[in-house]
Amino acid sequence: MNIDFDNQIDYPGEACTLGALGTDSAGRKIGITAGHCNPWNNDAVPPEGFGPVPINKGAPRGVEVAGNDHPVYDRRLLEVSKSAGIPPNPLSNPSIGQIRWVDPHVCQQGETGPGGLGCLAGYGETSANSRTDYMIIEFDPAVELWSGVYNKNGQPVQAPGGGLFKVNSIYSDASGAPALPPVSSQIVTFGAKSDRTPNPGPFGMANEVAPSEGSVHSYIAPGMIRTRAGSQPGDSGGPVIARGTNKWVAIITATPYQWYQPPQHVVTSAKNILDAINDPNRPGTIGRGFTITNNPNS
């Protein structure tokens with residue numbers, strides 16, 4: 001799912017992709033996407049021909065957010081409304097949930113991360129020494145959780161190797177604990193931006209298409225995977241599965257390291273995210289005990 005944080009389809013920098021869905025130990029409906037998707041561009045210069053940029057300072061990082069001041073929207077509904085000539089408003093496109101937690105390790109435009117590297121101009125990323133890049137969304141109670149991945153037309157996505165692209169279990173070791181995929185194994189990513197505006201690369205380069213498949217090339221840090229499966233801005237947070245399975249491996253991320261050498265695509269492992277969510281020292285309880293949704297009807 002392509003998600004949006006300001007209910008304004010024509011502004012850049014506010015859209016990402018939803019990665020994994022499930023429930024926590026308190027029974028709350030949870031979605032996981034990239035932490036660097038947290039809105040930041042409230043001070044941006046509006047594109048030519050547009051009015052003031054929506055004021056959206058994003059949620060605070062590293063604390064559980066209790067209020068309902070950081071809504072999340074289904075961007076595909078925005079696209080449908082726009083094509084029908086309906087201005088964005090809470091009635092035509094109500095929020096589907098709220099941001100409840102933003103990874104404290106993400107930095108945003110103009111900041112310098114703990115590793116001494118600044119964030120990329122134009123959008124946020126995780127800091128240079130981070131092992132995670134995630135955001136927790138709490139869905140409204142009326143939202144039905146799904147396992148399938150759907151394209152821009154609302155149709156189920158076919159996975160490379162056959163079958164539907166679903167995310168309904170967690171990549172684990174023999175004991176059932178979340179695990180890291182081995183180097184040279186094949187993974188598949190899906191990003192909403194690449195689905196809408198694919199950018200096929202030349203032979204030998206990672207394609208910015210959806211879905212995109214490629215090998216686990218290397219680890220730039222424990223649990224931070226450099227891959228040949230392509231992605232582009234707007235794909236961030238999108239699901240990554242082990243090829244030929246429905247097992248959740250990671251989400252698409254952005255880190256300073258990815259620009260130094262090819263392949264220039266990085267994903268944050270589900271293992272790292274779940275370890276962080278379940279850390280007893282993390283403030284708050286949102287997301288703790290995350291169980292991924294296995295909905296056979298979606």
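Excluded from the calculations below are hydrogen atoms, water molecules and symmetry mates; all remaining heavy atoms, backbone and side chain alike, are included. Remember, it's a predicted structure, so these values are computed and weren't measured experimentally.
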### Task
Flag yes if Ile3 and Tyr150 sit in one hydrophobic cluster, no otherwise; membership is Ile, Leu, Val, Met, Phe, Trp, Tyr, and two members link when side-chain heavy atoms are under 4.5 Å apart.
yes

### Query
Is there a donor-acceptor pair under 3.5 Å between the side chain of Arg226 and the backbone N or O of His265?
no

### Main-chain N/O of Ser194 paired with Thr197 side-chain donor or acceptor, under 3.5 Å
no

### Query
Judged by atom type as modelled, is there a donor-acceptor pair below 3.5 Å linking the side chain of Asp235 to the main-chain atoms of Gln232?
yes

### Task
Could you list who else is in Ile286's hydrophobic cluster, with ILVMFWY side chains joined at under 4.5 Å, directly or through other members?
Ile30, Ile32, Trp101, Tyr134, Ile136, Val149, Val157, Phe165, Val167, Ile170, Val188, Phe190, Ile241, Trp248, Ile251, Ile273, Leu274, Ile277, Phe290, Ile292

### Summary
Heavy-atom closest pair (Asp173 atom, Ala179 atom, distance to 0.1 Å) is N-CB, 3.6 Å

### Message
If the condition is salt bridge (charged side-chain N to carboxylate O under 4.0 Å, His left out), which residues does Lys271 pass it with, not counting sequence neighbours?
### Response
Asp275

### Message
A side-chain contact here means heavy atoms from C-beta on lying under 4.5 Å apart; do Val63 and Arg61 qualify?
### Response
no

### Message
Show the nearest heavy-atom pair for residues Ala250 and Ser269, with the distance to one decimal.
### Response
CB-CA, 3.7 Å

### Message
Do Pro160 and Pro211 make a side-chain contact, defined as non-hydrogen atoms from C-beta onward lying under 4.5 Å apart?
### Response
yes

#### Entry: Heavy-atom donor-acceptor pair, Lys29 side chain to Val143 backbone, under 3.5 Å
yes

### Message
For a quick check under 3.5 Å, do Asp133 and Thr253 share a side-chain donor-acceptor pair by atom type?
### Response
yes

### Task
Please confirm whether the backbone N or O of Asn278 pairs with a side-chain atom of Arg282, one donor and one acceptor, at under 3.5 Å?
no

### Message
Restricting to non-hydrogen atoms, name the atom on Ala59 and the atom on Ile99 that form the minimum distance, rounded to 0.1 Å.
### Response
CB-CG2, 3.7 Å

### Summary
Minimal heavy-atom distance between Asp279 and Arg288, with the atoms involved, is O-NH2, 3.1 Å

### Query
Tyr171: which other cluster members, linking ILVMFWY side chains closer than 4.5 Å, directly or transitively?
Leu180, Val183, Ile187, Val216, Tyr219, Ile225, Val240, Val249, Ile252, Val267

### Message
Would the distance check show the side chain of Ser25 and the main-chain N or O of Gly289 forming a donor-acceptor pair, the cut-off being under 3.5 Å?
### Response
no

### Task
Can you establish whether the number of heavy atoms outside Lys193 located under 6.0 Å from its atom NZ is more than 12?
no

### Task
Nearest 0.5 Å please: distance from the CE atom of Met135 over to the CZ atom of Arg100.
12.5 Å

### Minimal non-hydrogen separation, Pro60 against His70, with atom names
CD-NE2, 4.0 Å

### Task
For the residue pair Asn272 and Thr132, confirm or rule out a side-chain donor-acceptor distance under 3.5 Å.
no

### Task
May I have the step-by-step check of side-chain contact (heavy atoms from CB on, under 4.5 Å) for Met1 and Ile96, ending in yes or no?
CA-CA 12 Å; Met1 172 186 280; Ile96 58 173; 3.7 Å; yes

### Message
So, taking the atom named CD1 in Ile220 and the one named CZ in Arg131, what distance separates them when rounded to the nearest 0.5 Å?
### Response
8.5 Å

### Message
Under a 4.0 Å threshold between the charged nitrogen and the carboxylate oxygen, would Arg243 count as salt-bridged to Glu213?
### Response
yes

### Distance-only side-chain donor-acceptor flag, Thr17 / Arg75, under 3.5 Å
no

### Query
Distance-only, no hydrogens or angles: does the Asn68 side chain make a donor-acceptor pair with backbone N or O of Gln98 under 3.5 Å?
no

### Task
Using distance alone, with no hydrogens and no angle criterion, decide if Thr293 and Asn295 have a side-chain donor and acceptor under 3.5 Å apart.
no

### Task
Give a yes-or-no answer on whether the side chains of Gln186 and Ser215 include a donor-acceptor pair shorter than 3.5 Å.
no

### Task
Check the pair Asn2 / Lys152 against side-chain contact (heavy atoms from CB on, under 4.5 Å), numbers first and verdict last.
CA-CA 8 Å; Asn2 199 194; Lys152 61 185 177 182; over 6 Å; no

### Query
Any donor-acceptor pair under 3.5 Å linking the side chain of Ser236 with the backbone of Pro233?
no

### Task
Without swapping roles, check the side chain of Thr189 against the backbone of Pro239 for a donor-acceptor pair under 3.5 Å.
no

### Query
So, Asn246 and Ser169: side-chain donor and acceptor under 3.5 Å apart, yes or no?
no

